[in-house]
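Below is one structure; the comments refer to it alone.
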Amino acid sequence: MSEGLVHDIGGDLGYGPILHDPEEPVFHYEWERRVFGVMFQVLRITAQRPGEMRYAIERLAEEDYFKHGGYFGRWEAVCELLLEEYGHLEIGELDQVLGALEGTGPASRARPIEKKILNLLPDDVGVKIPGAKTVRRELPNPPRFKVGDLVQAPETAQKGHTRLPAYVAGKQGFIVAIHPAEVLPDSSAHGLGERPQHVYCVGYDGDVLWGSQSEKSIKIHVDLYENYLSPVKKR
Amino acid sequence: MSHDHSYSARSPKIRIEALEDLLVEKGLVDRSRIDNLIQKFETDVGPMIGAQLVARAWTDPEFRNRLLDDADDVLSKENISGAEIEHVEVKANEPGVHNVVVCTLCSCYPWALLGLPPSWYKSPEYRSRVVREPRKVLAEMGLDLDEETKLQVWDSSSETRFLVLPERPSGTENFSVAELAALVTRDSMIGVARAETL
């Protein structure tokens, strides 16, 4: 996990066996059902922009992210956070209703929204939107990279929301495919416009990511937005 | 308040019950819409949708090619729409190549094809480990791959969603599409298992 980023855990060491149940039900408890249903009603009046809900989840305290009932627990916590941030609940209102001490709820422990540095974000360009309610965009400019190009993302991403996993930052990988262009969540999650980007599937060999200890013949593919990537000269 | 309720008030179960009541009281949410959504994802949406696509791909080479080449076009023509399938890519397992899907940053998953993701897929254990030691993770989950098999991991970090097309089990040459679809498990379309055998 990189500093301050509770969710960015790809490749982190120290996790144990996967609790795998091939037959598990959609929901385990009634409260998970209610969280699922409530969440989409809450989103209608709060986080509407691409990436905004994910960024709210990423701002939860570590204890709430991991130990507040798992996935649906995170969603419960983020409902409270978004409702407070959008002014639909007073700060601490749910704690009062529950007769709990102020600060019991997860919203009180969440981190604030970070400021993005505007000139580190790519420019916004006018684009076509291919359909209703989609993050796909049709860009006027062609993709900067082609399949087979060697690319690299910077060692550290800008603070705030991003879809650059830390485990590939600073590593060299090859463009494997070009996906449809999308709204850039790093920008839209922060309300800074769509700034859509070409999106690439980048393939990394195991030993590039994990060194000589890597398992053999594994390739890890990550989808990255064009503004994350720089060309690497082949030696 | 005569005593502190903070211990139980930390539980997400207690909090969501109170939150739902509070939001209904404020007129911010509609309980019938909540109920309808829950019902939809418990009954109408699930891995049977993806399993149909896989079974058809096993029996119809032209359909298989279209699915691998342009899944969005196939889904549109089949009138399959819904959440979390803005752009879908299907990755075919074949002798010597195995595919497995993860979302390390959250829990992205093709909902409209597979339903809601299982707990293990969303767990920090799976998300952290399957990109670093996928062979070990799959072996722990009961899928042993030989060392020569190339293992391709797909981390769902953009809005592209991945579906694995498992290999057709041998001995199923005379099976109907419906019989074949029954062998296609959710786990096999994530890539942590093979399709079921007879």
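All values reported here derive from a predicted model rather than from experimental measurement. Below, chains carry the letters A, B, ... as their sequence lines are ordered, and counting in each starts from 1. Computed over heavy atoms, backbone and side chain alike; hydrogens, waters and symmetry mates excluded.
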Worksheet item: Are A:Arg54 and B:Glu159 within salt-bridge range, i.e. N to O under 4.0 Å?
Response: yes
Worksheet item: Would you call A:Asp95 and B:Arg10 a salt bridge, taking side-chain N to carboxylate O under 4.0 Å as the test?
Response: no
Look at the side chain of [X] and the backbone N and O of [Y], then say whether any donor-acceptor pair between them is shorter than 3.5 Å.
X	Y	result
A:Gln41	B:Asp30	yes
B:Arg129	A:Gly16	yes
B:Ser157	A:Asp223	yes
B:Glu86	A:Val135	yes
A:Trp210	B:Val131	yes

Search all heavy atoms of [X] against all heavy atoms of [Y] and return the closest pair with its distance.
X	Y	result
A:Pro17	B:Glu140	CA-OE1, 3.9 Å
B:Asp155	A:Pro165	OD2-CG, 4.2 Å
A:Pro106	B:Arg15	CD-NE, 3.7 Å
B:Thr160	A:Glu182	N-OE2, 3.9 Å
A:Arg34	B:Glu20	NH2-OE2, 2.7 Å
A:Arg163	B:Cys103	NH2-SG, 4.1 Å

Any heavy-atom pair between the side chains of [Y] and [X] that's under 4.5 Å?
X	Y	value
A:Phe72	B:Pro12	no
A:Val199	B:His87	no
B:Glu17	A:Glu30	no

Using a 4.5 angstrom heavy-atom cutoff, name the option from [options] with the most pairs to chain B.
options	value
A:Leu209, A:Val42, A:Leu89, A:Val183	A:Leu89
A:Gln213, A:Lys216, A:Arg44	A:Arg44
A:Leu224, A:Leu164, A:Leu13, A:Val168	A:Leu13

Does a sphere of radius 6.0 Å around [atom1] in [X] hold more than 12 heavy atoms from other residues, nucleotides or ligands, not counting ones at 6.0 Å or beyond?
X	atom1	value
A:Lys159	NZ	no
B:Lys91	NZ	yes
A:Glu90	CD	no

Select, from [options], the one with the greatest count of heavy-atom pairs under 4.5 Å involving chain A.
options	result
B:Leu19, B:Ile16, B:Leu37	B:Ile16
B:Lys150, B:Glu147, B:Lys40, B:Glu133	B:Glu133
B:Ser107, B:Pro134, B:Ser123, B:Pro117	B:Pro134
B:Gln152, B:Arg127, B:Arg31	B:Arg127
B:Phe162, B:Phe41, B:Tyr126, B:Trp120	B:Trp120
B:Gly46, B:Gly142, B:Pro118	B:Pro118

Please state whether the side chain, the backbone, both or neither of [X] comes within less than 4.5 Å of a heavy atom of chain A.
X	value
B:Thr149	backbone
B:Leu28	both
B:Ile14	both
B:Lys122	both

Would you give the length of the straight line joining atom [atom1] of [X] to atom [atom2] of [Y], rounded to the nearest 0.5 angstrom?
X	Y	atom1	atom2	answer
B:Ser128	A:Ile18	OG	CD1	7.5 Å
A:Leu94	B:Asp21	CG	CG	10.0 Å
A:Glu215	B:Arg135	CD	CZ	6.5 Å
B:Arg132	A:Tyr15	CZ	OH	12.5 Å
B:His98	A:Ser217	NE2	OG	14.0 Å
B:Cys106	A:Met53	SG	CE	8.5 Å

Worksheet item: In terms of side-chain heavy atoms, does B:Glu89 have a donor or acceptor partner in A:His179 at a distance below 3.5 Å?
Response: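 Result is yes, a qualifying pair exists.
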Chain B contact via [X] - side chain, backbone, both or neither, heavy atoms under 4.5 Å:
X	answer
A:Leu83	side chain
A:Tyr71	side chain
A:Tyr29	neither
A:Gln197	neither
A:Tyr167	side chain
A:Val38	both
A:Leu19	backbone

Discussion item. Assess the residue pair A:Arg136 and B:Asp72 against the criterion (salt bridge (Lys or Arg N to Asp or Glu O under 4.0 Å)); give the C-alpha distance rounded to whole Å, side-chain angles, the decisive distance to 0.1 Å, and a yes or no.
Written reply: CA-CA 13 Å; A:Arg136 287 166 69 160; B:Asp72 296 341; 3.2 Å; yes
Discussion item. Pair A:His88, B:Leu23 - check side chain to side chain contact (heavy atoms under 4.5 Å, CB included), show working.
Written reply: CA-CA 9 Å; A:His88 296 300; B:Leu23 294 175; 5.5 Å; no
Worksheet item: Can you say whether the rings of A:His221 and B:Trp154 are parallel (under 30°), tilted (30 to 60°) or perpendicular (over 60°)?
Response: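 Answer is parallel, since the angle falls under 30°.
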